[in-house]
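One structure is given below, encoded as structure tokens.
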Amino acid sequence: MAKYLLLKHYRGAPAPVNDVPMAQWSPEEISAHVQYMNDFAARLEKTGEFVDGQALAPEGAWVRYDGEGRPPVTDGPFAETKDLVAGWMIIDVDSYERAVELAGELSAAPGAGGRPIHEWLEVRPFLTAPPTITE
């Protein structure tokens with residue numbers, strides 16, 4: 001089995017077919033989307049392919065080490081994550097092909113008007129060994 005990250009983006013990927021921002025969805029449309037995601041995860045739990053998944057809140061902060069007891073904190077910029085990453089799911093599957101199959105199914109979650117979003121999902125394998133350095 002191999003672990004893959006299915007990464008959902010707010011933006012930064014090609015536009016989905018149903019490209020209405022979630023902020024413009026009705027409460028019922030949001031509930032239907034969340035229910036689809038929960039049902040998808042529950043099905044994968046039964047097959048042993050689900051590891052974890054979370055949606056991310058839009059707020060956050062940059063933090064770095066800047067000497068003992070002084071981590072500076074700032075509200076941005078967040079071009080690589082806060083503005084782009086909406087959430088993720090980790091799956092543990094037998095093959096890359098299965099990861100792609102599941103990502104394709106997940107991209108059909110309903111959006112505005114109850115129509116599938118057909119959003120792009122990033123499929124990334126987990127690193128299983130340190131990279132080798134060739135000289």
Side-chain angles (χ1 to χ4, degrees):
M1 300 281 281
K3 289 188 177 122
Y4 288 86
L5 175 68
L6 305 181
L7 192 58
K8 294 176 64 70
H9 293 271
Y10 284 119
R11 24 176 242 257
V17 172
N18 186 356
D19 196 18
V20 178
M22 188 179 269
Q24 296 175 15
W25 297 1
S26 71
E28 295 79 17
E29 291 167 338
I30 292 171
S31 292
H33 181 82
V34 170
Q35 187 63 53
Y36 183 97
M37 303 295 288
N38 289 339
D39 292 347
F40 184 84
R43 196 179 89 238
L44 295 186
E45 282 178 342
K46 288 180 184 174
T47 64
E49 295 174 306
F50 180 81
V51 176
D52 195 11
Q54 296 291 320
L56 297 174
E59 54 275 341
W62 281 94
V63 177
R64 75 164 190 227
Y65 179 78
D66 199 26
E68 200 61 39
R70 303 186 315 244
V73 177
T74 181
D75 184 36
F78 286 97
E80 294 83 28
T81 58
K82 181 180 173 186
D83 294 336
L84 301 178
V85 179
W88 48 267
M89 183 177 287
I90 299 171
I91 57 174
D92 194 359
V93 295
D94 288 329
S95 66
Y96 172 77
E97 291 76 20
R98 177 66 174 153
V100 168
E101 175 187 349
L102 292 174
E105 186 177 332
L106 189 58
S107 90
R115 295 181 317 275
I117 298 171
H118 298 282
E119 69 182 327
W120 288 89
L121 294 167
E122 187 175 348
V123 178
R124 304 229 3 227
F126 276 60
L127 189 63
T128 57
T132 56
I133 299 173
T134 58
E135 294 182 29

Are the side chains of [X] and [Y] in touch, meaning some heavy atoms are under 4.5 Å apart?
X: D19; Y: E119; answer: no
X: L121; Y: K8; answer: yes
X: R43; Y: L102; answer: yes
X: F50; Y: F40; answer: no

With clusters defined by side-chain heavy atoms of hydrophobic residues (ILVMFWY) lying less than 4.5 Å apart, directly or transitively, does L7 cluster with F126?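 Yes, it is one cluster - the side chains of F126 and L7 are joined through contacts under 4.5 Å.
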
Quick check on the hydrophobic clustering: are M22 and L106 connected, directly or via other members, by side-chain heavy-atom contacts under 4.5 Å?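 Looking at the clustering, L106 is in a separate group from M22.
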
Find the distance between [atom1] ([X]) and [atom2] ([Y]) and round it off to the nearest 0.5 Å.
X: D52; Y: E45; atom1: CG; atom2: CD; answer: 9.5 Å
X: E122; Y: W88; atom1: CD; atom2: CH2; answer: 14.5 Å
X: K3; Y: T128; atom1: NZ; atom2: OG1; answer: 11.0 Å
X: I30; Y: Q24; atom1: CD1; atom2: CD; answer: 11.0 Å
X: L5; Y: M89; atom1: CG; atom2: CE; answer: 10.5 Å

[X] side chain vs [Y] backbone, donor-acceptor pair below 3.5 Å:
X: N18; Y: P110; answer: no
X: E29; Y: G113; answer: yes
X: D92; Y: A2; answer: yes

I need the minimum non-hydrogen distance between L6 and A99, along with the two atoms involved.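 Looking at all heavy atoms of both residues, the closest pair is CD2-O, 4.2 Å.
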
Might you point out which heavy atoms bring Y36 and A108 nearest each other, and give the distance in Å?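 Scanning both residues completely, I find the closest heavy atoms to be OH-CB, 3.8 Å.
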
Quick one: sort the W25 and H33 rings into parallel, tilted or perpendicular, breaks at 30° and 60°. perpendicular

Exceeds 12 heavy-atom contacts within 6.0 angstrom, atom OH of Y96: no

Could you point out which residue of I90, I91, L44, V93 forms a side-chain contact (heavy atoms from CB on, under 4.5 Å) with V51?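 Filter result, single survivor: I90.
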
